[in-house]
Amino acid sequence: MLDFLGNLKRTHYCGELRAKDEGRDVLVMGWVARRRDLGNLLFLDIRDRTGIVQVVFNKETQPAAHAKAEQARGEFVVAVEGKILKRQKANPELASGEVELVASKLHVLNNAKTPPFPIEDEINAAEETRLRFRYLDLRRPKPHRNLALRHKIILEIRKVMDEMGFLEVETPMLTRSTPEGARDFLVPSRIHHGQFYALPQSPQIFKQILMIAGMDKYFQIVKCFRDEDLRADRQLEFTQLDLEMSFPRQEDIFHVIEQVMVRACAVAGIKAEAPFPHMQYKDVIRKYGSDKPDMRFGMELHEVTHCFPEEARQKLQIEGNVFALAAPGAAGYSRKQLDELTEKAKALKARGAYFVKVAPEGLTSTVEKLIGPENVKKLADACGAKAGDLVLAVSAKEQIQGTEAAALIAGQLRLQLGEALGVIDKSQWKFLWLTGFPLFEWNETEKTWVSAQHPFTGIVDEDLEKLESAPWEVRSKGYDLVLNGYELGSGSIRIHRQDIQERLFKALGLTEEQLRRRFGFFLDALTYGTPPHGGIALGIDRVVMLLAGEKSIREVIAFAKTTAAQDLMADSPSLVDRAQLDELHIKISGKYYSDLECMCGGRWHVEFEVPAKHGVGGTALLAYCPRGTAQLPLVMLNSAAWWSVKHYDPQNGQLTLVDESQNYRS
């Protein structure tokens, strides 16, 4: 028989009890984490969000409480009354390990099924299982710590922004669709038939309008949405620190973010020192082969095109530059390992990979016959290779206008070798500001130059004269913040002058009609005295992921989606009733779905093929429950009306389908 909470009031949290609490009468509440029955003595470890306390039930002194404890099992919800005593032998693995709670009463508030995985830090459950039972996964200590850290970091960010005079202003979640570089999530309007809202990819236009409105300094901890492929550091919905300032220099924005990051790192017990170093985009690409370089180790890139004579370049079909690096201690790599590196390089679209092994007795190279011993030595010297090192050089199969294709390939190989050779110092925290980005990037599909960021990104003053004549040489006033190989944030000083904005639109080939359709209200706002302004957006999920020592942002988001863009716990995305679609004047082309509850707790779906010429009716192809394994192939059903599911009999697995127009059943 379960107990009621009634007037019971918790006096202490489990993980906060200490030796100073000895002798106190306490009441704790939580879940049964572990049970050990030694006969007359029975031990329950009770867990809440702060940690665990050991509770002792003595059959001789408190027989009623002991009898109740015998019925308790893992994950039962309980309240325990009793007295705190010092343990005879402390448990150093528990924060409360100096004491134990000697129980006088046990209240069982709820029971529980056996969970699909143990509620503890180290488990072997698949990520899909953990996400499906996320409410259980979040009971584990590690997710608790991550979410607590996230809370503290966001709280500290708000404090810093307030201290620096920023106002927190909320911007709309339902806005208009504007090109931001990824697909929008569209929301159909019920009131305005055929029109759509879009969920914001960022508050970009709104925060610029706030500067026009005279807010001077704005910030927001905001949800953003991008319909793009997921990966370890990317979700469909994500959280960012968004800010904008009026009349700023680049250095002013850098100073703000540096203060934010220094304070955020301190919350996680990490010491970061400002100011952060700066590098130009073109230099960082040539040196590290990445626009988000991991600077915790060396193995820098070197252009070694001069080591490959013209005749050798022709035989090797080398176009463009060759970049190389020296991998310390890798001269002993076997033929198999070199072949694996070559295959990796080719997968990255390299024309070829060329090796030099540096041994005390001399140099050996896979291209010595083509470039000659002197050039092999020049190649090793150019990379600063020492005895025991392996020099790896690559050329690119395809050149990329505006950047160094071979350097980008070598940069990926640098990261792989850095991990494999264990040369990355994981104790370091290396921040970097990147500036001098190209304003345009080449779109191979459209065969034209397009904005590398958004079309309101400022232009470096001295490059304005090249806007029409040499757009590929124009640098933007954009900047990125990088930490340990991750891009944390991106921003820019914006265009605020009408004459420059019009020149940029013209360079992009945008017509007046396109401009009005995409940015009409914003362009109008720009004509009413726009101050110079700029800002940045910092990825909160990535910041917390790195400071928590995780490799996936799913570990620091309470309810994350899988790489297949599904919320397995909420069974989302899901089908909706036809009535909801009708209200929005939406028809599903090709297929229509109907559903009803399954005995397993999921929902049966029946899939119909819909003839395009009719728009209704069709052939029922398959019935299935996504949570179960049963699939029922259905007979051919032809009609001019919708079929719907009316009944499911779990005894024999039969579905009853009804043609609403003819009342025909199958």
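- For the residue pair Q453 and S492, no side-chain donor N or O sits within less than 3.5 Å of a side-chain acceptor on the partner.
- When all heavy atoms are compared, the tightest approach of M211 to M245 is SD-C, 3.5 Å.
- With F196 as the aromatic partner, R176 does not meet the cation-pi criteria of under 6.0 angstrom to the ring centre and within 45 degrees of the ring axis.
- For R73, the salt bridge (charged side-chain N to carboxylate O under 4.0 Å, His left out) criterion is met by no residue, not counting sequence neighbours.
- Judged purely by atom type and a 3.5 angstrom limit, R234 uses its side chain to pair as donor or acceptor with the backbone of D229.
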Residue pair L174, L199: steps toward the side-chain contact (heavy atoms from CB on, under 4.5 Å) verdict: CA-CA 5 Å; L174 294 175; L199 301 180; 4.1 Å; yes
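- Residues G458 and L439 come closest through the heavy atom pair O-CD1, 4.0 Å.
- Comment: R132 does not engage D137 in a salt bridge, judged by the lack of any side-chain N to carboxylate O separation of less than 4.0 angstrom.
- Looking only at distances, no side-chain donor or acceptor of Q240 sits under 3.5 Å from a matching main-chain atom of K223.
- For the atom pair L101 CG and H12 NE2, the distance stands at 10.5 Å (nearest 0.5 Å).
- Summarising the geometry, atom CD1 belonging to I153 is positioned 7.0 Å from atom CD1 belonging to I157; distances are rounded to the nearest 0.5 Å.
- The environment of R158 atom CZ is dense: over 12 non-hydrogen atoms of other residues, nucleotides or ligands sit within 6.0 angstrom.
- Nearest heavy-atom pair, P438 versus A452, reported as atom, atom and distance to 0.1 Å: O-CB, 3.5 Å.
- No donor-acceptor distance shorter than 3.5 angstrom exists from the side chain of T175 to the backbone of P172, with no hydrogens or angles considered.
- Atoms CZ and CD1, from F431 and I257 in turn, are 11.0 Å apart once rounded to the nearest 0.5 Å.
- Within a 6.0 Å sphere centred on CZ of F276, heavy atoms belonging to other residues, nucleotides or ligands number more than 12.
- The number of heavy-atom neighbours closer than 6.0 Å to NE2 of H278, taken from other residues, nucleotides and ligands shown, is above 12.
- The distance from the CD atom of Q280 to the CH2 atom of W433 is 14.5 Å, given to the nearest 0.5 Å.
- Taking F522 as the reference, F456 meet the ring-ring contact (aromatic ring centres under 6.0 Å, His included) condition, with sequence neighbours excluded.
- Considering only heavy atoms from C-beta on, L106 comes within 4.5 Å of F57 through its side chain.
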Compile the donor-acceptor pairs under 3.5 Å between side chains in residues 75-85 and protein atoms, sequence neighbours left out, one pair per line.
from	atom 1	to	atom 2	distance (Å)
E75	OE1	R47	NH2	2.7
E75	OE1	R139	NH1	2.7
E75	OE2	R47	NH1	3.4
E75	OE2	R47	NH2	3.2
E81	OE2	H107	NE2	2.7
K83	NZ	D25	OD1	3.1

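- Under the rule for a side chain to side chain donor-acceptor pair (under 3.5 Å), K217 has no partner lying at least two apart in sequence or in another chain.
- By the 6.0 Å contact criterion, CZ on F521 is enclosed, its count of non-hydrogen atoms from other residues, nucleotides or ligands being greater than 12.
- Here the NZ atom belonging to K287 is positioned 10.0 Å from the CZ atom belonging to R414, to the nearest 0.5 angstrom.
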Throw together a table of side-chain donor-acceptor distances under 3.5 angstrom for residues 536-554, partners on residues two or more places apart or in other chains.
from	atom 1	to	atom 2	distance (Å)
D541	OD1	R150	NH1	2.9
D541	OD1	R150	NH2	2.9
D541	OD2	T239	N	2.9
R542	NE	D233	O	3.1
R542	NH1	E487	O	2.9
R542	NH2	D233	O	3.3
E550	OE2	N146	ND2	3.0
S552	OG	R554	N	3.1
R554	NE	E127	OE1	3.2
R554	NE	E127	OE2	2.9
R554	NH2	E127	OE1	3.2

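- Side-chain contact annotation: Q204 with Q208, donor-acceptor N/O pair under 3.5 Å present.
- Looking only at distances, no side-chain donor or acceptor of R10 sits under 3.5 Å from a matching main-chain atom of V26.
- Remark: F206 pairs with no residue by the ring-ring contact (aromatic ring centres under 6.0 Å, His included) rule, at least two apart or across chains.
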Residue pair Y479, F254: steps toward the ring pair (Phe, Tyr, Trp, His ring centres under 6.0 Å) verdict: CA-CA 9 Å; Y479 34 80; F254 291 173; 5.2 Å; yes
Atom pairs and distances, donor-acceptor, side-chain atoms in residues 259-270, under 3.5 Å, two or more places apart:
from	atom 1	to	atom 2	distance (Å)
R263	NE	E156	OE2	2.6
R263	NH1	E163	OE1	3.1
R263	NH2	E156	OE2	3.0
R263	NH2	E163	OE2	3.2

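- Considering only residues two or more places apart in sequence or on other chains, K68 meets the salt bridge (charged side-chain N to carboxylate O under 4.0 Å, His left out) condition with D3.
- Remark: the backbone N or O of I253 is not paired with any side-chain donor or acceptor of H255 at under 3.5 angstrom.
- T562 places a side-chain N or O within 3.5 Å of a backbone atom of A564 that can act as its donor or acceptor partner.
- Scanning both residues, L301 and G411, for their nearest heavy atoms gives CD1-N, 4.0 Å.
- Every pair passing salt bridge (Lys or Arg N to Asp or Glu O under 4.0 Å) that includes a residue from residues 197-210 is listed here, sequence neighbours excluded: K207-D242, K207-E244.
- Using a 4.5 Å cut-off on side-chain heavy atoms (C-beta onward), Y218 and P203 make contact.
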Worked verdict on R226 versus D184 for salt bridge (charged side-chain N to carboxylate O under 4.0 Å, His left out): CA-CA 6 Å; R226 292 188 178 182; D184 283 325; over 6 Å; no
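- With sequence neighbours excluded, the residues that form a salt bridge (charged side-chain N to carboxylate O under 4.0 Å, His left out) with E237 are K561.
- The two residues A65 and S104 have their closest heavy-atom pair at CB-O, 3.6 Å.
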Side-chain donor-acceptor contacts of residues 117-124 below 3.5 Å, not counting sequence neighbours, with atom names and distances?
from	atom 1	to	atom 2	distance (Å)
D121	OD1	K142	N	2.8
D121	OD2	R145	NH1	3.3
D121	OD2	R145	NH2	3.0

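- Side chains of R494 and T457 form no contact here, defined as non-hydrogen atoms less than 4.5 Å apart.
- Formation of a donor-acceptor pair under 3.5 Å by the D48 side chain with backbone atoms of C14 is found in this model.
- Taking the salt bridge (charged side-chain N to carboxylate O under 4.0 Å, His left out) definition, one finds that D227 meets it with nothing, sequence neighbours left out.
- Closest non-hydrogen pair, D252 versus F247, comes out as OD2-O, 4.4 Å.
- To the nearest 0.5 Å, atoms CG (L5) and CG (N110) are separated by 11.5 Å.
- Side-chain atoms of D21 never come within 3.5 Å of backbone atoms of R24 as a donor-acceptor pair (strictly under, hydrogens ignored).
- A donor-acceptor distance shorter than 3.5 angstrom exists from the side chain of R87 to the backbone of V99, with no hydrogens or angles considered.
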